[in-house]
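Worksheet for the structure shown next.
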There are 2 protein chains.
Amino acid sequence: MEDTTHKMNTKQRLLKAACELISMRGYEQTTVNDICTAAGANIAAVNYYFGSKEDLYKAAWAHAASLIKEHHPLPDKNIDPLEWLNEFVRVRIEAVFDDTPGGWFPRLVVREMTNPTEMANAFYETYLTPKMNLARTQVAKLLGVPPSSFLADTCTVNINGMLVHLNCMRTFKKGPMGTRVFSEKMINDLITQMQTFAEGGIAALKKAKKGACA
Amino acid sequence: MEDTTHKMNTKQRLLKAACELISMRGYEQTTVNDICTAAGANIAAVNYYFGSKEDLYKAAWAHAASLIKEHHPLPDKNIDPLEWLNEFVRVRIEAVFDDTPGGWFPRLVVREMTNPTEMANAFYETYLTPKMNLARTQVAKLLGVPPSSFLADTCTVNINGMLVHLNCMRTFKKGPMGTRVFSEKMINDLITQMQTFAEGGIAALKKAKKGACA
DNA sequence: GTCTATAATCCGATAGAC
DNA sequence: GTCTATCGGATTATAGAC
């Protein structure tokens, strides 16, 4: 990671500082003063370039979303469902452990999820719901049920829950949740384990469904 | 739930209002003014009875912890591990969906997890770590590995992640995460599904472990 | 014990000089 | 574009009357 801060103009520096600080501390806990100081800009710069703290925040989401799309793209939806799910788990975990700008997005998401602003609904619809629909479609294929079914929904929520929880452990440094340290090998083991766990869980649910019908 | 507010003294009313409001909105988002208004007390009452907002918060945790111990006790640790885990999942989910004071604790936990105060570490050690150690011990028995192993740890984290995520969906009403509505039957289905999913996940991990040794 | 009034901070936003 | 100075609002905590 080359530091190109010195080459960026004030607006770009503010955007970068906003992504970094807000993904690290959350929206409410980050003041415009913090952002301006980190960006080497004056306290009035945020309002000059973005109009308000809220609008800077929206720009930060858009920026982080484009970066994760570039660095951690989701698998092709036309491949085998099980392969898709394994790739999905892998990509999501890798993004969670990404300490470069490519990892800003999952942290912004979990901050917004757990400390919602007035913009939460808009962010969800734009950036998250489409991805979640993709995942539920693949899980439904594996379960042999419609994507709109309660089983497909809750099963997807379960898998997403494990990933979100992992994201929390990385995002919230304060408190014992963030005290775990993961080496490169441990991350790879974690990916394999979560893939195995999810696959086993889905298989068990599919089997139980058949049993209930018989 | 009988409303006995009128019978309580000011200190008790403050404690109740603090539990309700902070579990609903979080510590930072709840002002002492909100709490005093809800308790029908004066703005200065919190400092008079508890010394500070922080000390009231500590009292709220202690109160909520004693209530969940009473209304949603964990299963006996000497029963069969699989039965223990199923009971654990059931009890935790029931607590998450409990809208009475018995459900204050999980909401306080998730608020503190995702918006940590300076007291986070102390709360964890006192109220949470012991429970998590219990769960990891049972999961380790099912996996056939030591409780201190990476596999037992991450597997327990996976299961806990699903439960925490469910807790988030109930706690954070703002944003689409809290828009799902669960009927009594859906909650029971959810319990069965999550038990099946966890059991299947653990079985798959145990099988993969054997395969790796062969 | 309860109340009013206020002190002491802190934050986002903006006016106006340069 | 950048800066200083300040306004207006919100919050915790407390002093002091009743």
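- In this structure the side chain of Cys36(A) reaches within 4.5 angstrom of the side chain of Leu14(A), judged on heavy atoms.
- Within residues 42-53 of chain A, the residues approached by DNA chain D to less than 4.0 Å at the level of any non-hydrogen atom are Asn42(A), Ile43(A), Ala44(A), Tyr48(A), Tyr49(A), in residue-number order.
- OP1 or OP2 of dT2(D) lies within a sub-4.0 Å distance of a side-chain N or O belonging to Thr10(A).
- Rounded to a whole Å, the CG atom of Leu14(B) is 15 Å from the C1' atom of dT12(D).
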Within the sub-3.5 Å range, which N or O atoms of nucleotides 8-10 of chain D have a protein N or O partner, and how far apart are they?
none

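- In summary, the side chains of Arg92(B) and Asn160(B) do present a donor paired with an acceptor at a separation below 3.5 Å, with no hydrogens or angles considered.
- The distance between atom CD1 of Ile35(B) and atom C1' of dT11(D), rounded to the nearest whole Å, is 12 Å.
- Note: CD (Gln29(B)) to P (dT12(D)) measures 11 Å, nearest angstrom.
- With values rounded to the nearest 0.5 angstrom, Trp84(B) atom CH2 is found 10.5 Å from Asp76(B) atom CG.
- Closest non-hydrogen pair, Arg180(A) versus Met169(A), comes out as NH1-SD, 3.7 Å.
- The distance from atom CG of Asn33(B) to atom C1' of dT6(C) is 15 Å, rounded to the nearest whole Å.
- Under the ring-ring contact (aromatic ring centres under 6.0 Å, His included) criterion, no residue pair touches residues 149-170 of chain B, with sequence neighbours excluded.
- For residues 54-64 of chain B, proximity to DNA chain D is found at no residue, defined as any non-hydrogen atom under 4.0 angstrom from a strand atom.
- Side-chain atoms of Ile202(A) and Ile159(A), non-hydrogen and from C-beta on, do get closer than 4.5 Å to each other.
- By the 30° and 60° cut-offs, the orientation of the rings of Trp61(A) relative to Tyr57(A) is perpendicular.
- Inspection of the Asp189(B) and Thr192(B) side chains reveals no N or O donor paired with an N or O acceptor under 3.5 Å.
- When the side chain to side chain contact (heavy atoms under 4.5 Å, CB included) test is applied to Ser148(B), the partners found at least two apart in sequence or on another chain are Pro146(B).
- Counting only heavy atoms from C-beta outward, the side chains of Phe97(B) and Leu190(B) approach each other to under 4.5 Å.
- Applying the side chain to side chain contact (heavy atoms under 4.5 Å, CB included) rule to Asp98(A) yields the partners His72(A), Thr100(A); only residues at least two apart in sequence or on another chain are considered.
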